[in-house]
Amino acid sequence: MDGDKAEVDIGGIRRGASLALVSGIKVGDYVLIHTGYAIAKIAEDEAASILEALNEVVAAGRGEEAGAGGAGAEEGRYISGAEGGGI
Amino acid sequence: MELAPLRDRGAIRRIVEAITAESRGLSLRIMHVCGTHEWAITHYGIRDMLPGNIRVIAGPGCPVCVTPGNEIDAICGLAAEGVAVTTFGDVLRVPGVSTSLSDAKASGGDVRTVYSIADAIRMAGEERGREFVHFSIGFETTAPMPAIEIRRGLPENLTIFSAHKLIPPAMEFLLGGDVGVDGFICPGHVSTIIGVRPFEDLARRFGRPMVVVGFEPLDVLIGILSVVRQARRGTHFAENAYKRAVRYEGNAIALRALEEVFEVRDSYWRGIGRIGASGLALREEYGRYDAVMRFGMRIPEGDEMPAGCLCGSVLKGAVSPEECPLFGKSCTPAHPVGPCMVSTEGTCAIANKYAAKRAL
């Protein structure tokens, strides 16, 4: 974390995200990311298990999402790929 | 809410059994208004799990689909004049009235796909000699990002074209029409921003249950069960079944940024029509960041869907994609006729993808 820039782990992939739209986020928290910005903190105890569940879904569905693009796809990928990312 | 049930097949079966048992004697049409819900519902085969008396229908949850063709044409016009256009990937192939951004790009226009408005800011900052317009499309989930960046100040050579729209006014519009909706599954991501209160107002005024839900199969099924239970008891209030991400009051930082930067205006929804107080335009004090002001854009209101395309009726939940005579025949993702077949959030594109899978 540096200012409102953070690094998030989305289902094993690291990428930058902005924290400009949220407050009180600490390293290790789970957040919902939309078009590169965290929009909500996800209740922590539930997030870990969700990520696990989602990884299973991703493993089962890998390949079929390839080539998707755009904001909608990105959002779809959160759902199928990562609801949250640990910072 | 316990988490384990979200991925438990036994739990899915139990909830479906509860929906079946508790909905006996009822016939309900439950609408959602979110492309990601449509994806989840279709991907997980939720409609096939439900008894025949419970119909889940997709409403206008695809922002790209409801963006007027005239606006797409106008942005293409800017690209033809040498302006660099940035936007999200699934906008490119959406047919406007006479052209599309992918056509504009093929004709030499500088059209760039971005993941985030932050990319557009970076590009404009690196190429100060070129005018950039970010074609900003999306509901309440996507509008706070330009809002907060506009408030911080954009590069001088970057303006925003706001095609942002608001979901609760569209729900109100449909509730006042003849589509026949008995309850709503409210959009989880939009709700992280706006909270639960707007749905409380709608539930009270229109006497329909409204349940905010997430995107796991059990999230959706729990939402459906909640609507069924309310219908059985004759109650109509708003519930939050996505508490792990949605706070009652929403996201205060995002709401404040939206309020400061945008003003609410009437807005034209492609295939649906003009909906009062359903769009976001930049406030006058931020006019220097408004593409409409900088380029003197004049965009005629209203446009029809392409001939024979039932996208408008699909967006209102009046017909399913399969009921459109073009679906899967002359209209496919490779050769889309209407916007619902293009976007990854489009009801027809999602239906087509999973129809093809089922056929295998």
Side-chain angles (χ1 to χ4, degrees), chain A residues 3-6 10 15-25 29-58 60-61 63-84, chain B residues 1-4 6-8 34-37 39-40 43-44 62-64 87-92 113-119 137-138 141-142 144-145 147-149 152 188-189 191-193 214-217 243-247 250-254 257 342-346 349-350 353 357:
Chain A
D4 65 30
K5 298 272 181 280
I10 302 178
R15 68 185 307 168
S18 167
L19 300 179
L21 291 167
V22 287
S23 64
I25 305 292
D29 283 347
Y30 284 81
V31 288
L32 184 67
I33 304 282
H34 183 75
T35 66
Y37 293 72
I39 55 171
K41 182 175 165 174
I42 299 174
E44 203 173 337
D45 46 343
E46 296 179 290
S49 318
I50 290 166
L51 208 55
E52 237 176 79
L54 287 166
N55 281 335
E56 287 170 26
V57 174
V58 170
E64 68 186 48
E65 301 294 330
E74 220 35 80
E75 202 167 20
R77 210 170 300 144
Y78 301 140
I79 303 320
S80 61
E83 178 150 320
Chain B
M1 186 177 69
E2 278 180 49
L3 207 255
L6 285 178
R7 55 172 187 251
D8 186 291
C34 173
T36 311
H37 272 147
W39 177 86
H43 179 82
Y44 295 115
C62 165
V64 169
T87 193
F88 300 122
D90 54 354
V91 184
L92 261 66
T113 299
V114 293
Y115 160 73
S116 165
I117 191 173
D119 298 335
I137 295 180
T141 330
T142 318
M145 293 82 191
I148 206 134
E149 297 297 354
R152 290 204 271 209
H189 291 148
S191 303
T192 63
I193 305 297
F215 300 92
E216 291 301 306
K243 287 205 174 89
R244 64 182 183 274
V246 174
R247 318 279 171 264
N251 179 330
I253 297 172
V342 181
S343 171
T344 48
E345 293 188 291
I350 295 168
K353 177 175 162 184
K357 263 178 85 169

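Reminder, nothing fancy here: chain letters follow the sequence lines and each chain counts from 1. Only a predicted model underlies this, so the values are computations on that prediction, with no experimental measurement involved.
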Exercise. Please name the pair of heavy atoms, one in Arg247(B) and one in Lys41(A), separated by the smallest distance, quoted to 0.1 Å.
Key: NH2-O, 2.5 Å
Quiz item: Where do Ile148(B) and Ala20(A) come nearest, in terms of heavy atoms and distance?
Solution: CD1-O, 3.4 Å
Exercise. With a 4.5 Å cut-off on heavy-atom pairs, point out which of Gly214(B), Gly138(B), Pro144(B), Gly346(B) contacts chain A the most.
Key: Pro144(B)
Self-check item: Closest approach of Gly36(A) to Tyr115(B) (non-hydrogen atoms, all atoms of both residues)
Solution: N-OH, 3.4 Å
Practice problem: State, to 0.1 Å, how close Thr141(B) and Ile39(A) come at their nearest heavy-atom pair, and which atoms those are. | Solution: CG2-CD1, 3.6 Å
Quiz prompt | Residue pair Thr35(A) / Thr142(B): nearest heavy atoms and the distance that separates them | solution = CG2-CG2, 4.3 Å
Quiz item: Between His34(A) and Met145(B), what is the shortest heavy-atom contact and its length?
Solution: O-CE, 3.5 Å
